[in-house]
Amino acid sequence: MACVLEPPLRMSVLSEVTASSRHYVDRLFDPDPQKVLQGVIDMKNAVIGNNKQKANLIVLGAVPRLLYLLQQETSSTELKTECAVVLGSLSMGTENNVKSLLDCNIIPALLQGLLSSDLQFIEACLRCLRTVFTSPVTPVELLYTDASVIPHLMLLLSRSIYAQEYICQIYAHCCKGPDHQTILFNHGVVQNIAHLLTSVSYKVRMQALKCFSVLAFDNPQVSMTLANVLVDGELLPQIFAKMLQRDKPIEMQLTAAKCLTYMCRAGSIRTDDNCIVLKTLPCLVRMCSKERLLEVRVEGAETLAYLIEPDVELQRIASITDHLISMLADYFKYPSSVSAITDIKRLDHDLKHAHELRQAAFKLYASLGANDEDIRKKVSLGEGRPPVLSASRQGVTPT
């Protein structure tokens with residue numbers, strides 16, 4: 001398929017293609033391999049942080065030539081690596097850039113590059129694949145088209161810390177349902193990434209943790225396996241529980257809480273287990289605090305709602321933990337008038353998350369009051385009642 005640029009982007013950039021941009025592409029066709037290599041290196045430096053330059057080079061046909069050079073047996077390993085780096089930089093531009101790369105069949109070319117024996121080239125290909133696959137315009141099914149890809153990625157996990165980070169991130173993003181969970185599980189993903197939870201690299205630990213959270217979601221088979229895996233003499237639930245501690249980064253606490261929540265809902269951890277009652281539930285309540293970022297508060301409330309939904313005792317415990325019900329009232333205070341006056345960026349941020357905050361709060365209200373009349377009364381009569389209930393009690397229809 002021809003490599004194309006989206007029409008609106010094409011029209012906006014064609015008139016701005018500069019002589020210097022064309023010069024970068026022309027150098028890729030020089031008969032002297034050293035000049036080609038230097039041309040790619042100069043192109044790499046030119047596109048860093050410059051979306052206009054990236055768009056110009058795509059319009060001028062740089063991508064097909066870069067992919068050609070990357071796949072040629074006669075190309076030096078250094079040239080192939082630099083080509084992969086430039087392609088990775090181009091993929092960090094706009095979504096239209098990624099669409100253009102996909103139209104040029106970049107994924108099969110990069111996957112072929114993973115068969116190389118050179119670690120730097122492999123890492124450059126993985127880094128680019130990570131960026132392309134995590135783009136919202138990339139169909140995740142492209143990871144599963146060739147049955148040999150997943151087992152080869154498993155083998156590459158042992159090559160380096162960077163390979164571990166990128167591969168786990170690809171897995172975590174591209175695992176979108178039971179079919180994907182089954183494929184990854186059957187290829188030994190649990191056993192292959194469990195030890196990464198104790199990696200010296202925080203990024204590797206986090207990506208492995210995120211991978212486990214998507215694998216365990218609504219999947220009893222994976223969850224039961226996770227409950228029995230040992231890493232350095234500790235069961236995975238114990239490792240997850242340690243990650244809930246207050247001194248850990250918020251991202252780690254929340255993701256570990258999601259792992260334990262999904263395992264609990266799948267039946268591999270009892271609802272009265274201490275790691276749920278005394279650690280996971282309180283951690284999720286902390287994530288609902290107004291001191292947290294709005295995105296964290298949304299995920300915290302939704303995960304807590306999912307955890308307590310079927311269990312009345314967890315609902316009762318949650319309702320009296322850290323004034324949770326009153327805390328939820330703050331979910332309806334965005335955007336605030338103060339932010340509208342003093343900080344336009346803050347207002348825009350609040351507007352984007354206002355609906356998600358309300359939706360998350362109502363999910364948690366529903367779970368809290370699902371089985372216990374006393375909790376329902378606390379919600380409808382207490383300080384933490386949502387505005388819609390406050391208005392209805394006063395005979396007013398909320399606007």
Side-chain angles (χ1 to χ4, degrees), residues 1-116 118 120-139 142 145-146:
M1 183 184 295
C3 183
V4 298
L5 197 67
E6 290 292 294
L9 184 59
R10 176 182 290 275
M11 294 301 294
S12 67
V13 301
L14 276 177
S15 60
E16 302 179 20
V17 174
T18 64
S20 62
S21 295
R22 188 175 301 280
H23 174 64
Y24 286 120
V25 178
D26 290 342
R27 293 170 69 187
L28 301 181
F29 294 87
D30 196 290
D32 185 343
Q34 280 304 119
K35 291 183 178 179
V36 173
L37 173 60
Q38 189 58 50
V40 175
I41 292 173
D42 291 344
M43 182 182 290
K44 174 183 68 176
N45 295 330
V47 299
I48 294 174
N50 190 332
N51 281 342
K52 180 184 289 188
Q53 186 71 280
K54 291 174 184 178
N56 286 347
L57 292 172
I58 291 174
V59 168
L60 289 168
V63 175
R65 183 60 180 174
L66 289 169
L67 288 173
Y68 172 81
L69 294 171
L70 182 143
Q71 296 175 86
Q72 284 301 296
E73 292 184 5
T74 54
S75 295
S76 68
T77 302
E78 185 180 4
L79 175 59
K80 291 180 180 180
T81 303
E82 293 294 345
C83 286
V85 171
V86 174
L87 289 166
S89 184
L90 294 177
S91 68
M92 291 180 186
T94 66
E95 291 182 2
N96 282 325
N97 286 4
V98 178
K99 289 179 182 178
S100 297
L101 294 175
L102 291 172
D103 288 338
C104 293
N105 293 315
I106 186 174
I107 289 180
L110 291 172
L111 291 175
Q112 184 68 26
L114 299 183
L115 299 176
S116 169
D118 186 84
Q120 283 192 317
F121 180 45
I122 290 173
E123 289 177 345
C125 289
L126 284 172
R127 186 161 49 247
C128 186
L129 282 167
R130 180 272 312 269
T131 306
V132 172
F133 271 121
T134 54
S135 169
V137 301
T138 303
L142 292 175
T145 303
D146 184 342

- Query: Would you call Val63 and Ser100 a side-chain contact if the rule is heavy atoms closer than 4.5 Å?
  - Reply: no

- Note: Cys128 and Leu110 closest approach over all heavy atoms is SG-CD1, 3.5 Å

- Task: Any chance you could measure Leu70, atom CG, to Leu87, atom CG, to the nearest 0.5 Å?
- Result: 6.5 Å

- Sub-4.5 Å side-chain heavy-atom contact between Cys83 and Leu79: yes

- Message: How close do Gly88 and Thr131 get, counting heavy atoms only, and between which atoms?
- Response: O-CG2, 4.5 Å

- Item | Approximate separation, where rounding is to 0.5 Å, of Leu37 CG and Gln34 CD | 5.5 Å

- Message: Atom CD of residue position Gln112 - does it have more than 12 heavy atoms of other residues, nucleotides or ligands inside 6.0 Å?
- Response: no

- Item | Gln71 atom CD, over 12 foreign heavy atoms within 6.0 Å | yes

- Taking atom CG of Leu60 and atom NE2 of His23, what is their separation to the nearest 0.5 Å? 13.0 Å

- Please list, chain by chain and in numerical order, all residues satisfying side-chain hydrogen bond (donor to acceptor under 3.5 Å, both in side chains) with Asp118, sequence neighbours excluded. none

- Message: Do Leu102 and Leu142 have side chains that approach each other closer than 4.5 Å (heavy atoms only, starting at C-beta)?
- Response: yes

- Do the side chains of Asn96 and Ile58 get nearer than 4.5 Å, heavy atoms only? no

- Query: Are any non-hydrogen side-chain atoms of Val86 and Leu57 less than 4.5 angstrom apart?
  - Reply: no

- Task: Give, for atom CD of Glu123 and atom OG1 of Thr81, the distance between the pair rounded to the nearest 0.5 Å.
- Result: 9.5 Å

- Query: Taking all non-hydrogen atoms of both residues, which atom of Lys80 and which atom of Gln72 are closest, and how far apart?
  - Reply: CE-O, 3.0 Å

- Would you say the side chain of Thr138 lies within less than 4.5 Å of the side chain of Ile107, judging by non-hydrogen atoms? yes

- Task: Check the surroundings of atom OH in Tyr68: do more than 12 heavy atoms from other residues, nucleotides or ligands lie under 6.0 Å from it?
- Result: no

- Could you grab the distance from atom CD1 of Ile122 to atom SG of Cys125, nearest 0.5 Å is fine? 8.0 Å

- Task: State whether a side-chain donor-acceptor pair under 3.5 Å links Glu95 with Ser135.
- Result: no

- Query: Any side-chain heavy atom of Met43 sitting closer than 4.5 Å to one from Leu28?
  - Reply: yes

- Atom CD of Glu82 and atom OG of Ser75: how far apart are they, to the nearest 0.5 Å? 12.5 Å

- Message: Give me the atom names and distance for the closest heavy-atom approach of Phe121 to Ala84.
- Response: CE1-CB, 4.3 Å

- Query: Does any non-hydrogen side-chain atom of Arg65 lie less than 4.5 Å from one of Val25?
  - Reply: no

- Query: Are side-chain N/O atoms of Thr94 and Asn97 paired as donor and acceptor at under 3.5 Å?
  - Reply: yes

- Lys54 and Val47 have their tightest heavy-atom pair at CE-O, 3.0 Å

